[in-house]
There are 2 protein chains.
Amino acid sequence: MSAPVRHRIPEATVARLPVYLRSLFQVAEAKTATISSERLAELAGVNAAKVRKDLSFLGSYGTRGVGYDVEYLLFQISRELGLTQDWPVVIVGLGNLGLALAKYGGFEARGFKIVALVDAHPGKVGQEVGDLVVRHVDELSPIVAAERIAIGIIATPSSSAQDVADRLVAAGVTSILNFAPARLDVPDQVSVRKVDLSTELQILSFYQQRQGAMVAPPRPGLEGAAEEVALA
Amino acid sequence: MSAPVRHRIPEATVARLPVYLRSLFQVAEAKTATISSERLAELAGVNAAKVRKDLSFLGSYGTRGVGYDVEYLLFQISRELGLTQDWPVVIVGLGNLGLALAKYGGFEARGFKIVALVDAHPGKVGQEVGDLVVRHVDELSPIVAAERIAIGIIATPSSSAQDVADRLVAAGVTSILNFAPARLDVPDQVSVRKVDLSTELQILSFYQQRQGAMVAPPRPGLEGAAEEVALA
DNA sequence: GCATGTGAATAGATTCACAGCG
DNA sequence: CGCTGTGAATCTATTCACATGC
């Protein structure tokens, strides 16, 4: 059931697998049966050697002289990412952002299903959002257990983020996506990823400031290399 | 008026400066005058040697045997990030996510000011959000010019993302924060950073699937890509 | 012939460990 | 003496270049 685990897959590679997955979905819609590393690289915005090396960590799924079978590769990457099942997710915090996430339909298509909404504020509890009713954060444990939730999204103010993380962990959640601009202290077995909008803007600001009219774009993490900047 | 640029600052370091900044604001509120790399590392969730090396790229702002002056360091990092001024920002796309971002008050405090909202949908145009009125995307150029906007946030469905990016670039925007799950093709001078919620969840799914055993919380600031957003 | 798969080379980031200085 | 600043060592990631095998 679980993936082969031929090698230990590098973190940087794991972070790119979802990008390849998306590109492959596009290609699959166009009824293309096979794809070369060159073409996939172009769609994903990376370099072809990187694509080949990344895919080689999953196994030898390509055919020399031909390329990769799109459907087969889609399946292999999905399996590697654990997306052959749907993961139940809880959103904690239903302010502007939490609500936007709750209403966003794009997760379902990608292997995730929002199954519970939780907030600490009495005014929020009981509210209906889509086909879910917001429940109180004190009920987190039974909800997580009942719905077999493994992934939690924190969309609260940062002042409550650590408390919420503690509750999620206590309830048995082992993966957390944190939108609050706060560092979370969690046990080693728990994975945390952070999305911080202000941080992203500040990084853009850095590169923006350095260019006035010169050079040097940053790079979101994909290709490209920063050029040198002349001294002021 | 721009920073000293003693060395070229590594990308990984740039991505951590906002984290240090936030930690320093906390510390400053507590009226602490100086801070050691050890303590700052703890607050930022990184290792102390990394803090020292990162800060050393900005200059020698610490005092041996003592630590760093909090206020001074705050200023230096802010300056390096270009946050001594407020950047005017436009949000394109006012679906659930765009609206949530528009209503989110956290940017102002961090050096950014949302000065314009733009959408292509007639139903959206004219709507009031906070103290702004949504304007039509066709007016982008004059708006960008009038407000001296350098940073644009794309919160549209991915099908429009490239078109919006082209318009932003044509209007003179040189930094883009992209929430749409699409790769953007832009000129070299333009910086793009991408925030992709589904990708983040998929990365969590990978580690979740490899349960119990090792943990490997991926890095927050750099790579990432894949899906996200926008709503209709 | 042609595109994969992969060792080897290079580049970049992190960590170590200690010299240097207040 | 304590903590910064930094070369050196290590680890991770990227890119090159070509042998391999369809």
Side-chain angles (χ1 to χ4, degrees), chain A residues 4 6-17 19-20 27 32-70 72-73 76-77 203 218-228, chain B residues 4 6-17 19-20 32-42 44-70 72-73 76-77 203 214 216-225:
Chain A
R6 292 159 211 275
H7 312 272
R8 188 25 178 315
I9 301 182
E11 206 178 298
T13 294
V14 172
R16 281 187 296 267
L17 292 180
V19 183
Y20 299 149
V27 167
T32 311
T34 66
I35 189 171
S36 66
S37 59
E38 194 74 46
R39 175 83 181 112
L40 181 49
E42 195 187 322
L43 291 171
V46 303
N47 149 314
K50 202 185 272 180
V51 169
R52 293 199 297 278
K53 179 138 295 201
D54 283 343
L55 296 183
S56 77
F57 289 121
L58 309 190
S60 290
Y61 297 145
T63 305
R64 290 164 201 248
V66 178
Y68 301 87
D69 181 274
V70 175
Y72 188 58
L73 195 51
Q76 292 299 342
I77 295 179
I203 293 169
R219 26 190 252 133
L222 302 178
E223 67 186 345
E227 260 317 311
E228 208 21 279
Chain B
R6 291 158 209 276
H7 312 271
R8 185 161 67 79
I9 301 183
E11 205 180 304
T13 294
V14 172
R16 281 188 296 267
L17 292 179
V19 182
Y20 300 148
T32 311
T34 65
I35 188 171
S36 66
S37 59
E38 194 74 47
R39 175 82 181 114
L40 181 50
E42 195 188 322
V46 303
N47 148 315
K50 202 184 273 181
V51 169
R52 293 199 297 278
K53 180 139 297 208
D54 283 344
L55 296 183
S56 78
F57 289 120
L58 309 191
S60 292
Y61 296 145
T63 305
R64 291 164 200 248
V66 178
Y68 301 88
D69 181 274
V70 175
Y72 188 59
L73 195 51
Q76 292 299 341
I77 295 179
I203 294 169
M214 57 214 56
R219 297 176 304 173
L222 301 179
E223 313 253 357

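A note on names: the letters A, B, ... follow the listed sequences, proteins ahead of strands, and every chain is numbered from 1. All values reported here derive from a predicted model rather than from experimental measurement.
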d(OH, B:Tyr61; C1', D:dC3) in whole Å: 19 Å

A:Thr63 side-chain N/O to C:dT4 phosphate OP1/OP2 under 4.0 Å: no

Under 4.0 angstrom between A:Ser36 side-chain N/O and C:dA3 OP1 or OP2: no

Minimum heavy-atom distance B:Leu40-B:Leu55, with the two atoms named: CD2-CD1, 4.3 Å

Nearest atoms (heavy-atom pairs only) where B:Ile9 meets B:Thr13: CG2-CG2, 3.7 Å

Short side-chain N/O contact to C:dG5 OP1/OP2 from A:Tyr68, under 4.0 Å: yes

Length of the CD-C1' vector between B:Glu11 and D:dT14, whole Å: 13 Å

Touch class at under 4.0 angstrom, heavy-atom based, for B:Arg16 against every strand present: sugar-phosphate

Whole-Å gap separating C1' (D:dA13) and CG (A:Leu55): 16 Å

5′-ward residue of the pair A:Pro10/B:Asp54 relative to DNA chain D: B:Asp54

Side chain B:Arg64 and base C:dG20 donor-acceptor under 3.5 Å: yes

Between D:dT6 (P) and B:Leu58 (CG): distance, integer Å: 12 Å

Passing option when A:Ser37 is tested against A:Lys53, A:Lys50, A:Arg52 for side-chain hydrogen bond (donor to acceptor under 3.5 Å, both in side chains): A:Arg52

Atom pair CD (B:Gln76) and CG (B:Leu73), whose distance is rounded to the nearest 0.5 Å: 8.0 Å

Rounded distance [0.5 Å steps], OH in A:Tyr20 versus CD1 in A:Ile77: 8.5 Å

Nearest-angstrom distance from the residue atom NZ of B:Lys50 to C1' of D:dT10: 14 Å

base_contact_polar (D:dT4 base, B:Arg52 side chain, donor-acceptor, <3.5 Å): no

Nearest-Å distance for atom pair CG/C1', residues A:Asp69 and C:dT4: 15 Å

Interatomic distance where CD belongs to A:Glu38 and P belongs to C:dT4 [whole Å]: 8 Å

Interatomic distance where NZ belongs to B:Lys53 and P belongs to D:dA8 [whole Å]: 11 Å

